[in-house]
Peer 1: 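Once you've had a glance at the structure underneath, I'll fire off some questions.
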Amino acid sequence: MINIEIDGKRIETENGTTVIEAAHQAGISIPHFCYHKKLSIAANCRMCLVQVEKAPKPLPACATPVAEGMKVLTASAQAVKAQKGVMEFLLVNHPLDCPICDQGGECMLQDMSVGYGGGASRYHEEKRTVLGKDIGPLVSAEEMSRCINCTRCVRFGQEIAGQMELGQAFRGEHAEIMTFVSGTVNSELSGNMIDLCPVGALTSKPFRYKARSWELSRRRSVSAHDSLGSNLAVQTKDNRVLRVLPIENEDINECWLSDKDRFAYEGLNSAERLTKPMIKQDGKWVEVEWQVALEYAANGLRHIANGAGAEQVGALATANSTLEELYLLQKLMRGIGSHNVDFRLRQSDFSADGKRAGAPWLGMPIADISRADRLLVVGSFLRKDHPLLAARIRQAVKKGAQVNIIHSADDDLLMKMANKAIVAPDALVDVMAQVARGVQAKQPDGIAGNLLAGERVVVLLGNFAQQHPQAAQLQALAQQIAAATNGKFGFIGEAANSVGAYLAQAMPGAQGLNAAAMLAAPRKAYVLLNVEAELDTADAQQAMAAMQSADLVIAMSAYKHHATSYADVLLPIAPFTETSGTFISTEGRVQSFKGAVKPLGEARPAWKVLRVLGNLLKVSGFEQDTSEAVRDEALTGIDVAAKLSNAINGVEVNAVAAATGLQRVSDVPIYATDAVVRRSAPLQATADAAAPQAWLHSDELKKLGVQSGALVKVSQGQGSVSLIAAADDKLPKGVVRVAAGHSVTAALGAMFGTITVERA
C-alpha cells in the first residue's frame with residue numbers, strides 16, 4: 001500500500017492506482033471527460049489536470065500513477081487555471097445547441113462548463129462543423145459537431161464489445177469519430193456508447209426528441225429478456241415507457257446493458273397490443289367485458305375437466321413470465337386435477353426428470369465467471385444468447401483466462417479461443433465423452449489438457465445444449481468433467497425465470513405430461529401464458545397441429561398474434577413494465593420489481609387474471625391481494641440457495657447413432673426470443689434481425705448444385721419454406737443452420753433432426 005495526500009487528506013491506496021482513482025476512493029471529485037473506470041486510459045481530454053508537488057506543470061490525474069508521499073492539489077489556483085483553460089478550448093468549436101440537444105440535463109460538458117467555463121468566449125472565428133452520420137437504427141450520430149473526441153465510444157467497442165466499429169480518423173481540428181468498413185454499428189452492446197458519450201454526439205435514435213430528462217419518472221426494474229437479471233431503470237412520461245437505462249450492479253451487469261434490454265421497450269406500444277378481452281364467436285373475434293371472457297374460459301375448462309377428464313387440460317408458459325404468474329398457473333392446473341403444466345417449451349429431452357437434485361442454475365455467482373482461468377462452453381450461441389455474459393468472459397480472457405468451445409456452429413465470439421470442437425449435433429455427446437475420458441485419464445493436450453492445467457475451471461451449458469435431444473447426457477458428462485477438474489459447472493438459463501419456474505413448480509412432476517408430450521399427444525384444452533406456439537416451442541409444426549385440434553385454447557397474452565387462428569379466448573395481460581413481479585436469475589438471485597406504468601387499455605396483470613380464474617373454478621387458495629403475497633406463498637419454506645443444484649444421477653451415456661441426411665442446427669435469433677423483443681421496431685431494423693437464411697458448408701452447396709445467394713426449398717416434416725442459401729465454411733459438413741423462433745421458418749418442424757434442402 002502507498003500513502004499519498006490529496007487536498008490535505010491522507011489516503012492509503014494500492015500501488016499502481018492512478019491519482020483520479022485514489023481521489024474517487026476518497027470521495028474527492030476531479031473533473032474529467034475521457035476517463036471511465038471500465039475503459040483504458042486515453043488521457044486525451046486533459047480536463048483532469050491537477051497540481052502535483054514538485055512537478056513543473058499540471059499533470060493529468062487519469063494517467064498519473066501514485067507514488068509514496070505524493071501530494072496532490074485538485075483545486076489549487078494552478079489546477080483550476082489549467083482546467084478552465086481546457087474547458088475554454090473544448091467550447092471553442094462546440095455548437096451552442098443545448099436547448100435542442102437530447103443530452104440536455106444529463107450532459108457532463110454542460111455541468112462542467114458551469115464550474116469551469118467562462119462567462120463569455122474569446123473565440124470569434126468560425127466554428128468547425130462535422131457532418132452527421134447514419135450508423136444504424138439504434139444509435140444516432142446526427143450531431144457529431146458536438147463530439148469532443150474523448151474516444152470513449154471507440155475504446156468501448158475495442159475493449160468491451162470486442163470489435164472496433166468506431167474509430168478516430170484524421171488529426172488536429174480535422175479529427176472525426178466515424179465508422180469503418182461496414183458503415184453501421186452492429187454490436188449487440190452498441191447502446192452503451194450512448195451512456196458513455198459525455199456530450200450529445202451519440203444519442204438514442206428511438207428516444208430522439210421524445211422528452212427531457214427532468215420530465216421523466218423513473219422506476220427500478222429487472223430485465224425480462226435474458227437470464228442474467230440485469231438491473232435497469234425504466235423511464236416514463238404520460239404513462240408511456242420512453243427509455244430504459246442500466247442501473248449499476250457490479251455483481252450482475254456492471255454498468256452495461258445489452259441492446260435487447262435497452263431497446264425492447266419499443267415493442268410495448270406495438271399496434272399488435274391486445275387491449276380488450278376477446279372471444280371467438282362463429283369464427284369471428286368479438287371484444288367482450290372481462291367478466292364475460294373469464295366466465296367463458298372457466299366454464300370451458302370446467303366442462304372439459306368434468307367431461308373428458310382433467311388430464312385433457314394442459315398449460316404451457318414461457319419462462320419470461322414472473323414467478324407469481326407461473327406459481328398461480330401451476331396451482332390452478334393442479335387445483336382442477338391436472339398436472340400437465342410446463343415452461344420448458346424449447347426442450348426436447350426430458351429423460352432427466354425425476355433424476356435432478358434441484359433446480360438447474362449457473363452453478364456460481366455471475367461475478368465468479370470473471371475469475372475463472374479455464375472455461376468450457378458447450379452448445380451456446382454465447383455472444384447473441386447472453387451478450388453481457390460474453391462480455392464478462394471476454395474481459396477474463398484479456399486477463400489470461402482460456403476458453404474452449406464445443407458446439408455445432410463456430411460464430412465469432414470476439415475473443416481468443418484455446419480450443420474448438422465444432423461438430424454436427426449428433427456428435428456432441430461423443431466429443432463431450434472424449435473430453436470426460438481425457439480429463440479422467442490426465443490427457444495432456446486438447447480440451448482435456450487445457451482444463452486440467454487450470455486452477456479455477458468452469459463448464460457452462462448453453463441454450464443449444466439444453467435444447468439438444470441428448471441434453472441429459474450432455475449434463476451428466478459436464479458433471480463428470482467438472483468433478484475431474486475440481487471445477488464448477490452450470491446452465492446459462494434461457495429466460496428471465498428459467499430458475500424461478502422450477503421453484504414455482506411450473507412442471508408436471510411424475511403425474512403429468514411435459515411440454516413435448518402435451519403437444520405430441522394433443523390435449524382437448526390448453527391454457528397459454530405468454531406463449532406464441534409457433535415461435536416459442538421446440539417443434540413449431542407439432543405445436544400448431546396440437547393447437548388447431550384442441551376444443552378450447554385460452555391465450556393469455558399482451559399481443560394479438562397467430563393465436564387468433566387457433567385460440568377461443570384472448571385475455572390481455574400486462575408485460576413486465578406494467579405489472580409487479582419477481583424474476584429469479586440464472587445465478588439464483590431473487591429480484592422483485594414494481595410496474596413502471598399502468599396497464600395499457602384493459603390489460604390486467606396475469607397473476608390477477610389467474611387468481612380470478614381460480615375463484616371462478618372454485619379452487620381454494622386464490623385469495624391473494626398483492627403480487628407480494630403470491631411471491632411469499634410461492635417461496636414459503638423454500639431456501640432458494642438450498643434448492644439450487646445441478647447434480648444429476650442415473651443418466652446413462654450411450655453412443656448416438658449417426659444421422660442420415662442433413663442435420664438441422666437451430667439458433668433463436670437475438671431479437672426473436674420473446675414477444676416484446678419481436679415487436680420492437682428499432683431492434684427489428686438491425687442486421688441481427690435480418691430474415692433467416694439456410695447456412696451450409698460450401699462443399700454441401702456444391703453437392704446440391706446451388707450457388708450461395710440462390711433460393712432453396714428447405715423441408716422438414718410436413719412443412720417447407722423458401723430461404724436464401726448462404727455459405728459458411730465454419731459450419732461442420734452435414735448440417736444446415738436454420739434459425740428457429742422466427743415467423744419465416746415457423747412452418748418447419750423440430751429444432752433438431754433431419755432436414756432437406758433442394759433447389760427452389
Peer 1: Which atom pair, heavy atoms only, marks the closest approach of Pro669 to Ala740?
Peer 2: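 Scanning both residues completely, I find the closest heavy atoms to be CD-O, 3.2 Å.
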
Peer 1: Minimum heavy-atom separation for Arg394 and Ile160, please, with both atom names.
Peer 2: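 Looking at all heavy atoms of both residues, the shortest contact is NH1-O, 2.7 Å.
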
Peer 1: How far apart are the closest heavy atoms of Asn646 and Pro360, and which atoms are they?
Peer 2: OD1-CA, 3.2 Å

Peer 1: Any side-chain heavy atom of Gln163 sitting closer than 4.5 Å to one from Ser187?
Peer 2: yes

Peer 1: I'd like to know whether NZ of Lys713 has more than 12 heavy-atom contacts from other residues, nucleotides or ligands below 6.0 angstrom.
Peer 2: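 For Lys713, atom NZ is not crowded (no more than 12 foreign heavy atoms under 6.0 Å).
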
Peer 1: Donor-acceptor pair, Ser370 side chain versus Ala396 backbone, under 3.5 Å?
Peer 2: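 Pair absent, no side-chain N/O of Ser370 close to backbone of Ala396.
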
Peer 1: Check whether any side-chain heavy atom of Thr586 lies under 4.5 Å from a side-chain heavy atom of Leu389, and answer yes or no.
Peer 2: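 Heavy-atom side-chain distance check fails, nothing below 4.5 Å.
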
Peer 1: Is there a donor-acceptor pair under 3.5 Å between the side chain of Gln466 and the backbone N or O of Leu461?
Peer 2: yes

Peer 1: Determine yes or no for a side-chain-to-main-chain donor-acceptor pair under 3.5 angstrom, with Asn419 supplying the side chain and Asn404 the backbone.
Peer 2: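 Not a single qualifying donor-acceptor pair exists.
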
Peer 1: Considering only residues two or more places apart or on different chains, which pairs with a residue in residues 686-717 satisfy ring pair (Phe, Tyr, Trp, His ring centres under 6.0 Å)?
Peer 2: none

Peer 1: Scan residues 429-447 for pairs that pass salt bridge (charged side-chain N to carboxylate O under 4.0 Å, His left out), counting only residues two or more places apart or in two chains.
Peer 2: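 Every pair satisfying salt bridge (charged side-chain N to carboxylate O under 4.0 Å, His left out) with a residue in residues 429-447: there are none.
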
Peer 1: Please step through salt bridge (Lys or Arg N to Asp or Glu O under 4.0 Å) for the pair Arg678 and Asp536, ending with a clear verdict.
Peer 2: CA-CA 12 Å; Arg678 289 178 198 127; Asp536 293 322; 2.5 Å; yes

Peer 1: Between the side chain of Arg356 and the main-chain N/O of Ala352, is any donor-acceptor distance below 3.5 Å?
Peer 2: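 No, Arg356 side chain to Ala352 backbone: no donor-acceptor pair under 3.5 Å.
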
Peer 1: Keeping the roles fixed (side chain from Asp259, backbone from Ser190), state whether a donor-acceptor pair exists under 3.5 Å.
Peer 2: yes

Peer 1: So, do Val735 and Ser408 sit near enough that their side-chain heavy atoms are less than 4.5 Å apart?
Peer 2: no

Peer 1: Once rounded to the nearest 0.5 Å, what's the spacing between atom CE of Met544 and atom CG of Asp539?
Peer 2: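 So the gap between those two atoms works out to 12.0 Å.
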
Peer 1: Any chance you could measure Ile648, atom CD1, to Gln480, atom CD, to the nearest 0.5 Å?
Peer 2: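 These two atoms lie 11.0 Å from each other.
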
Peer 1: Identify which one of Val676, Leu683, Val677 satisfies the side-chain contact (heavy atoms from CB on, under 4.5 Å) criterion when paired with Ser680.
Peer 2: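 When Val676, Leu683, Val677 are each tested with Ser680, the side-chain contact (heavy atoms from CB on, under 4.5 Å) holds only for Leu683.
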
Peer 1: Between Ile406 and Leu376, is there a side-chain heavy-atom distance shorter than 4.5 Å?
Peer 2: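 When only atoms from C-beta onward are counted, Ile406 and Leu376 do touch, with a gap below 4.5 Å.
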
Peer 1: For the backbone of Leu452 and the side chain of Asn450, can you confirm whether one donor and one acceptor N or O come within less than 3.5 Å of each other?
Peer 2: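 No; zero donor-acceptor contacts below 3.5 Å.
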
Peer 1: Less than 4.5 Å apart, any side-chain heavy atom of Phe350 and any of Asp342?
Peer 2: yes

Peer 1: Is there a side-chain contact between Glu700 and Lys733 in this structure, where contact means two heavy atoms from C-beta onward sitting under 4.5 Å apart?
Peer 2: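 They are in contact (side-chain heavy atoms under 4.5 Å apart), so the answer is yes.
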
Peer 1: Taking everything shown except Lys730 itself, do over 12 heavy atoms lie less than 6.0 Å from its NZ?
Peer 2: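 Result for NZ/Lys730: enclosed.
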
Peer 1: Would you please test Lys398 and Glu159 for side-chain contact (heavy atoms from CB on, under 4.5 Å) and show each step?
Peer 2: CA-CA 9 Å; Lys398 287 185 175 182; Glu159 297 163 17; 3.5 Å; yes

Peer 1: Please report the C-alpha distance between Asn463 and Arg346 in whole Å, then the side-chain angles of each, then the deciding distance to 0.1 Å, and finally whether the side-chain contact (heavy atoms from CB on, under 4.5 Å) criterion is met.
Peer 2: CA-CA 9 Å; Asn463 294 358; Arg346 292 195 178 111; over 6 Å; no

Peer 1: Kindly compute the distance separating CD (Glu272) from OG (Ser557), expressed to the nearest 0.5 Å.
Peer 2: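 Nearest 0.5 Å value for the CD-OG distance: 9.5 Å.
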
Peer 1: Using modelled atom types and a 3.5 Å cut-off, is there a donor and acceptor pairing between side-chain atoms of Tyr526 and backbone atoms of Met518?
Peer 2: yes

Peer 1: Atom NZ of residue position Lys384 - does it have more than 12 heavy atoms of other residues, nucleotides or ligands inside 6.0 Å?
Peer 2: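 Yes, NZ of Lys384 has more than 12 neighbouring heavy atoms, counting only those of other groups under 6.0 Å.
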
Peer 1: Between the side chains of Asn530 and Thr318, does any donor sit under 3.5 Å from an acceptor?
Peer 2: no

Peer 1: Flag the pair Arg383 and Asp688 as a salt bridge only when some basic side-chain nitrogen lies within less than 4.0 angstrom of an acidic carboxylate oxygen.
Peer 2: no

Peer 1: Heavy-atom distance under 4.5 Å between the side chains of Val665 and Phe464, does that happen here?
Peer 2: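 Val665 vs Phe464: side chains touch.
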
Peer 1: What I want to find out is whether Glu587 reaches Arg392 closely enough, with some N-O distance under 4.0 Å, to be called a salt bridge.
Peer 2: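 The answer is no: the pair does not qualify as a salt bridge.
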
Peer 1: For residues 654-683, pull every pair meeting ring pair (Phe, Tyr, Trp, His ring centres under 6.0 Å), keeping only residues two or more places apart or in separate chains.
Peer 2: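 Residue pairs with at least one partner in residues 654-683: there are none.
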
Peer 1: When rounded to the nearest 0.5 angstrom, what distance separates CG in Asp699 from CG in Leu731?
Peer 2: 12.0 Å

Peer 1: Show your reasoning for whether side-chain contact (heavy atoms from CB on, under 4.5 Å) applies to Val499 and Ser227.
Peer 2: CA-CA 9 Å; Val499 173; Ser227 61; over 6 Å; no

Peer 1: If we ignore angles and hydrogens, is there a donor and acceptor under 3.5 Å between the side chains of His225 and Asp674?
Peer 2: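 Result is yes, a qualifying pair exists.
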
Peer 1: Looking only at heavy atoms, which two atoms of Ala453 and Arg374 are closest? And how far apart?
Peer 2: CB-NH2, 3.8 Å

Peer 1: Just do the side-chain contact (heavy atoms from CB on, under 4.5 Å) check on Tyr559 and Ser270 with the steps written out, would you?
Peer 2: CA-CA 8 Å; Tyr559 299 95; Ser270 159; 4.0 Å; yes

Peer 1: Quick one: CG on Leu748 to CD on Gln541, what's the gap to the nearest 0.5 Å?
Peer 2: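 It is 7.0 Å, given to the nearest 0.5 Å.
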
Peer 1: Any luck finding a side-chain donor-acceptor pair between Ser351 and Asp349 under 3.5 Å?
Peer 2: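 Yes, side-chain donor-acceptor contact under 3.5 Å.
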
Peer 1: What's the shortest heavy-atom distance between Ile481 and Ala436, and which atoms?
Peer 2: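 Smallest heavy-atom distance, with atoms named: CG1-CA, 3.7 Å.
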
Peer 1: So, taking the atom named NZ in Lys133 and the one named CD1 in Ile135, what distance separates them when rounded to the nearest 0.5 Å?
Peer 2: 9.5 Å

Peer 1: On a heavy-atom basis, which atom in Asn340 and which in Gly512 lie closest, and how many Å separate them?
Peer 2: OD1-CA, 3.4 Å

Peer 1: Hey, mind stepping through Asp410 and Lys420 against salt bridge (Lys or Arg N to Asp or Glu O under 4.0 Å) and telling me if it holds?
Peer 2: CA-CA 8 Å; Asp410 189 10; Lys420 292 181 194 175; 3.1 Å; yes

Peer 1: When you compare the side chain of Leu477 with that of Val378, does any pair of heavy atoms fall below 4.5 Å?
Peer 2: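 The answer is no; the side chains never approach within 4.5 Å.
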
Peer 1: Scan residues 651-669 for pairs that pass side chain to side chain donor-acceptor pair (under 3.5 Å), counting only residues two or more places apart or in two chains.
Peer 2: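 As it turns out, the side chain to side chain donor-acceptor pair (under 3.5 Å) pairs with a partner in residues 651-669, which skip direct neighbours, are Asp426-Gln663, Arg664-Ser666, Arg664-Gln716, Asp667-Arg737.
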
Peer 1: If only atom types and distance count, is the side chain of Ser549 paired as donor or acceptor with the main-chain N or O of Ala546 below 3.5 Å?
Peer 2: yes

Peer 1: Look at the side chain of Asp373 and the backbone N and O of Gly454, then say whether any donor-acceptor pair between them is shorter than 3.5 Å.
Peer 2: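 Pair absent, no side-chain N/O of Asp373 close to backbone of Gly454.
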
Peer 1: Would you give me the side-chain donor-acceptor pairs under 3.5 Å for residues 752-760, sequence neighbours excluded?
Peer 2:
from: Thr756; atom 1: OG1; to: Ser715; atom 2: O; distance (Å): 3.4
from: Arg759; atom 1: NE; to: Gly705; atom 2: O; distance (Å): 2.8
from: Arg759; atom 1: NH2; to: Gly705; atom 2: O; distance (Å): 2.5

Peer 1: Please check if the number of heavy atoms outside Gln718 that lie under 6.0 Å from its CD is greater than 12.
Peer 2: no

Peer 1: Quick one: ring-ring contact (aromatic ring centres under 6.0 Å, His included) partners of Trp361, sequence neighbours excluded?
Peer 2: none

